[in-house]
Asker: 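First, the structure itself, so that you have it in front of you.
Along the sequence shown, residues are numbered consecutively beginning with 1.
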Amino acid sequence: MPNKDDFLYPRGRYYGQVKPENLVFNANLQEFAQKVSYICNLETAGKISPDEAYENIKELWKNLKQAKKQLRIGENPFRMDDDGNQPE
């Protein structure tokens, strides 16, 4: 018997660079996309107003940005160039 949570909240496979912070951010990103989809569907069906949908998505976006910052995604203080040297 399939799990209803797997049906309602499907997760896609992660193909990026496997690091704990990337996996956590990917899970956050998939959750964000799922919630935005629900909000769009509610607005399209007339269950919530466009302003309410906008505010809800705006709040989700702020949360995603905060998670990205906390996980330090995109920051790499020890980044090396193709020759193995730190860029200046």
Asker: Rounded to the nearest 0.5 Å, how far does NZ of Lys65 lie from CD1 of Ile73?
Answerer: 15.0 Å
Asker: Using side-chain contact (heavy atoms from CB on, under 4.5 Å), reason through Lys35 and Glu31 one step at a time and then give a plain yes or no.
Answerer: CA-CA 6 Å; Lys35 288 181 178 180; Glu31 182 180 350; 2.9 Å; yes
Asker: How many angstroms lie between atom CD1 of Ile39 and atom CD of Glu52, to the nearest 0.5 angstrom?
Answerer: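 One gets 9.0 Å once the value is rounded to the nearest 0.5 Å.
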Asker: Please tell me if the side chains of Leu42 and Asn56 come closer than 4.5 Å, counting only heavy atoms from C-beta onward.
Answerer: no
Asker: Roughly how far, to the nearest 0.5 Å, is CD1 of Ile48 from CD of Glu55?
Answerer: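 Going from the CD atom of Glu55 to the CD1 atom of Ile48 covers 11.0 Å.
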Asker: Between Asn22 and Val18, is there a donor-acceptor pair closer than 3.5 Å when you use the side chain of the first and the backbone of the second?
Answerer: no
Asker: For the CD atom of Glu21 and the NZ atom of Lys68, what is their distance to the nearest 0.5 Å?
Answerer: 12.0 Å
Asker: Could you grab the distance from atom CG of Leu23 to atom CG of Leu71, nearest 0.5 Å is fine?
Answerer: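 Leu23 atom CG to Leu71 atom CG measures 10.5 Å (nearest 0.5 Å).
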Asker: Flag yes if more than 12 heavy atoms outside Tyr14 fall under 6.0 Å of its OH atom; otherwise flag no.
Answerer: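 Correct, the count exceeds 12.
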Asker: Nearest 0.5 angstrom please: Asn63 CG to Gln70 CD, how far?
Answerer: 9.5 Å
Asker: For Cys40, does its backbone N or O pair with a side-chain atom of Thr44 as donor and acceptor, under 3.5 Å?
Answerer: yes
Asker: Please tell me whether Ile57 and Tyr54 are part of a single hydrophobic cluster in this structure, the criterion being side-chain heavy atoms less than 4.5 Å apart.
Answerer: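 No.
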Asker: Please say yes or no: joined through hydrophobic side-chain contacts below 4.5 Å, possibly via intermediate residues, are Tyr38 and Leu60 part of one cluster?
Answerer: no
